[in-house]
Structures are given as structure tokens and as C-alpha cells.
Peer 1: 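A single structure is presented below for examination.
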Amino acid sequence: MALTVDTTQELAAFLRSRRERLDPRDFDLPSRRQSRRTPGLRREEVAELAGVSIDYVVRLEQGRGLRPSAEVVEALSRALRLAPDERAYLFDLARQRPRNTEKPATVAEPPLARLVNDLSPLPAMLMNHRYDILAWNAEMARLLLDFDGLPPAQRNAMWLCLMHPEMREFYVDREQVVREGIAHLRAAWAAHSDDQVLTDLIAEFTARDEEFARLWAQGDVKVNGRGRKVMRHPDVGEVAVHFETLVPLQDPDQRLVIFRAADAASQAALDRLCTR
């Protein structure tokens, strides 16, 4: 399924959604007599806060092909009170961040693949911005899936979570895991708008999985490099882990993901897995 990323329309939709979620009572705005018929700030209020014309905000929200400058993007970010990941996303949509000219990583760099193995007994794996799994150690395979037994096209963390029968009930808080994954993919989608493989992957998920389509439409943007997940393992029961995601300076499209047990019971469960 060949699609293209329409960044102009996504920029328009993103600005509208972020304006509409704001509470006017949180801003020191002059009182106006007319009642509010829609949620959030009015376009003229955003224009006033950002120091741009109302017509400019209208044209941006209508997707009429404008490319705001970095100064305007920064002003809009402040006016809309964007979180850091949302601000970066807006800069990407406006093409105001330096583009990554490197091709997406499709194979693990040998030093990083060795590091993944050296991290044993901690479960570890290497992924790219699409969530393709490029390398893993034995502990991660025992905890999640036998990646060697999967076709290469299915070695994608989001694909497995959404499509693989064994993984659909694997995460205790499945919706939160999917929601966080989608928020990451949306940020990657804006930063790599010329990556047709990623665009096609998102199109496949949207067409085949109702949960993904629903959450994708909400427009969340967040790069979550640290957190906690709880899994239901068929052999050792519930396992809670803290995860950390590290990005090598030499290979910024490769992400090293490391799991650590979140409690004593989970550590015991991981120990049992390692001795199987």
C-alpha cells in the first residue's frame, strides 16, 4: 500500500487539535462578550499569543501550503504550550529541523550487536526508528519471542504487539503499551517523512487494527525512552521490568533497549527463564 505523508495537512490538524485542547481560563486574555461555541482557544487568541496575524493562523489550520519559519514555529509552540516532544514534532512538520540524510538502519552495526550479547543476563535488543528489531540476546528472546523463528518482515515490535497471536494478551496494560508505541511512531513519521517503508507500515496497522486506527487518530506525540512494563509470560507468570532506551552517537538510528527487573519476584522469574 503506497501512501505519502501529507505534512501540510498533518500540520494543520495538529495545530487545530492543540489549540482546541487548551483551557482559556489558564491564559491572561482580555475578556470577550461573545460565548464560546467550540472548545479551546480561538484562532485570534492564538495569533495574539504568538504575535502573528489571524489570517496566518487560519491559513495554517486550513492546510493552504504555508511553511512557517523557525521563529514562527517557536512562537506557536509557546502559545500552544506544547510539550518538548510535541514542539519537536511541530518543527519536523514545518521542516525546520535539520533533516537526517542517513539511510534508515536495516542491519545492526557489529559493535552494537556484540554489545547486545555482552549485556546478558539483562534482556537487550537493538531497534531502528520503525521499531524493526535488528539484534537481540538470548534473554530477550526467552522473555518475548523466538525472533529467529520469525520472518524478517515480522521482526518489528509494533507489528508483533498488534498482529502476533501470542503477543496480543502479553502486556498487562496493553492499551498503554500500544498508545506509547504510536506516540513514538508519530514522532518518527514526521522526522522521517521520506521513509516509505514506515509510511506503509503505519498504513497497514491503520487498515488492519481498529485499536491502532483509533489511537493514531488521537494525534499523541511522545518519545518515551524510559518506563515500566508488566508482561504475562506463559512459563514464569507475571514479569515487571524497567526499560531504558539509549541512542549511540555513531549510529543515531539504532536504539539500544535494555530491560531490568522491577522487583524481586520479577528478578526471580527472569532468573528462571535464563536457566531454562
Side-chain angles (χ1 to χ4, degrees), residues 105-185 201 204-205 208-212 214-215 222-247 254-276:
T106 56
V107 295
E109 287 296 321
L112 295 177
R114 289 194 295 271
L115 177 59
V116 168
N117 284 323
D118 290 345
L119 284 167
S120 295
L122 294 177
M125 61 183 172
L126 198 66
M127 297 191 295
N128 62 13
H129 68 271
R130 302 173 188 149
Y131 277 134
D132 292 333
I133 302 168
L134 308 179
W136 57 90
N137 60 15
E139 288 78 9
M140 186 63 84
R142 292 190 186 108
L143 178 61
L144 298 184
L145 277 174
D146 178 12
F147 299 117
D148 282 318
L150 295 172
Q154 294 181 11
R155 292 176 193 158
N156 177 280
M158 182 59 77
W159 192 97
L160 293 171
C161 185
L162 295 173
M163 308 294 182
H164 198 286
E166 294 180 23
M167 298 294 289
R168 288 200 63 85
E169 303 300 327
F170 186 72
Y171 294 103
V172 171
D173 192 350
R174 172 184 167 78
E175 179 166 324
Q176 182 64 26
V177 170
V178 175
R179 185 183 296 276
E180 290 178 354
I182 289 173
H184 165 87
L185 278 184
L201 194 63
E204 178 188 0
F205 294 157
R208 295 181 58 185
D209 190 271
E210 291 182 3
E211 181 182 29
F212 183 94
R214 174 177 61 85
L215 295 174
K222 186 172 178 61
V223 178
N224 193 20
R226 175 180 296 147
R228 186 176 187 271
K229 293 180 181 180
V230 183
M231 294 158 277
R232 300 186 186 94
H233 195 278
D235 296 324
V236 296
E238 200 166 281
V239 182
V241 299
H242 293 299
F243 68 87
E244 194 79 29
T245 305
L246 307 176
V247 179
Q254 304 200 22
R255 290 144 173 82
L256 179 63
V257 181
I258 306 168
F259 286 178
R260 294 178 295 112
D263 51 52
S266 296
Q267 185 61 63
L270 289 177
D271 291 343
R272 291 197 301 275
L273 270 179
C274 292
T275 57
R276 288 177 64 85

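Quantities reported herein were computed from a predicted structural model and do not represent experimental measurements. Along the sequence shown, residues carry numbers from 1.
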Peer 1: Specify the closest pair of heavy atoms between Ala240 and Ser266, including all atoms of both residues, with the distance to one decimal.
Peer 2: N-OG, 2.8 Å
Peer 1: Kindly compute the distance separating NZ (Lys229) from CZ (Phe243), expressed to the nearest 0.5 Å.
Peer 2: 5.0 Å
Peer 1: Could you state the interatomic distance from NE2 (His242) to CZ (Arg226), rounded to the nearest 0.5 Å?
Peer 2: 11.0 Å
Peer 1: Rounded to the nearest 0.5 Å, how far apart are CG of Leu144 and CE of Met167?
Peer 2: 5.0 Å
Peer 1: For Ala262 versus Arg228, what's the shortest heavy-atom pair and its separation?
Peer 2: CB-NE, 3.9 Å
Peer 1: Side chain to side chain contact (heavy atoms under 4.5 Å, CB included), that's the test. Do Trp159 and Glu204 meet it? Break it down for me.
Peer 2: CA-CA 9 Å; Trp159 192 97; Glu204 178 188 0; 3.5 Å; yes
Peer 1: So do Leu112 and Val116 actually touch side chain to side chain, heavy atoms under 4.5 Å?
Peer 2: no
Peer 1: Distance-only, no hydrogens or angles: does the Asn128 side chain make a donor-acceptor pair with backbone N or O of Thr106 under 3.5 Å?
Peer 2: no
Peer 1: Side chains of Val178 and Cys161: closer than 4.5 Å at any heavy-atom pair?
Peer 2: yes
Peer 1: More than 12 heavy atoms of other residues, nucleotides or ligands under 6.0 Å from CZ of Arg260: is that the case?
Peer 2: no
Peer 1: Given 3.5 Å as the limit, does a donor-acceptor pair link the side chain of Arg168 with the main chain of Arg174, or not?
Peer 2: no
Peer 1: Quick one: list whatever passes salt bridge (charged side-chain N to carboxylate O under 4.0 Å, His left out) with Glu175, sequence neighbours left out.
Peer 2: Arg179, Arg214
Peer 1: If I compare all heavy atoms of Glu244 with all of Leu246, which pair ends up nearest, and what's the gap?
Peer 2: CG-CD2, 3.9 Å
Peer 1: Just to verify, which of Leu115, Leu256, Asp132 counts as forming a side chain to side chain contact (heavy atoms under 4.5 Å, CB included) with Leu126?
Peer 2: Leu256
Peer 1: So do Pro123 and Arg142 actually touch side chain to side chain, heavy atoms under 4.5 Å?
Peer 2: no
Peer 1: Has Arg232 got a side-chain atom pairing as donor or acceptor with Gly237's backbone, closer than 3.5 angstrom?
Peer 2: no
Peer 1: Please report the shortest heavy-atom distance between Met158 and Ile182, naming the atom on each side.
Peer 2: CE-N, 3.6 Å
Peer 1: Evaluate the ring planes of His184 and Tyr131, with Trp represented by its six-membered ring, and classify them as parallel (under 30°), tilted (30 to 60°) or perpendicular (over 60°).
Peer 2: tilted
Peer 1: Could you tell me whether the side chain of Phe205 reaches within less than 4.5 Å of the side chain of Leu215, counting heavy atoms only?
Peer 2: no
Peer 1: Which distance, rounded to the nearest 0.5 Å, do you find between the CG of Asn137 and the CG of Leu122?
Peer 2: 8.5 Å
Peer 1: Has the side chain of Arg272 got a donor or acceptor atom that lies under 3.5 Å from a matching backbone atom of Val236?
Peer 2: yes
Peer 1: Please report the closest heavy-atom contact between Arg155 and Phe147, naming both atoms and the distance.
Peer 2: NE-O, 3.0 Å
Peer 1: Give a yes or no answer on whether the side chain of Arg130 reaches the backbone of Asn156 with a donor-acceptor pair at less than 3.5 Å.
Peer 2: no
Peer 1: Measure the CG-CD distance between Leu145 and Glu166 for me, rounded to the nearest 0.5 Å.
Peer 2: 5.5 Å
Peer 1: Side chain of Gln254, backbone of Val107: donor and acceptor closer than 3.5 Å?
Peer 2: yes
Peer 1: Would you call Trp136 and Val257 a side-chain contact if the rule is heavy atoms closer than 4.5 Å?
Peer 2: no
Peer 1: Between Val230 and Asp173, is any pair of side-chain heavy atoms under 4.5 Å apart?
Peer 2: no
Peer 1: Kindly indicate whether the side chain of Leu160, heavy atoms from C-beta on, has any atom under 4.5 Å from the side chain of Leu150.
Peer 2: yes
Peer 1: Hey, what do you get for CG (Leu162) to CD (Glu211), rounding to the nearest 0.5 Å?
Peer 2: 7.0 Å
Peer 1: Between Leu273 and Glu139, is any pair of side-chain heavy atoms under 4.5 Å apart?
Peer 2: no
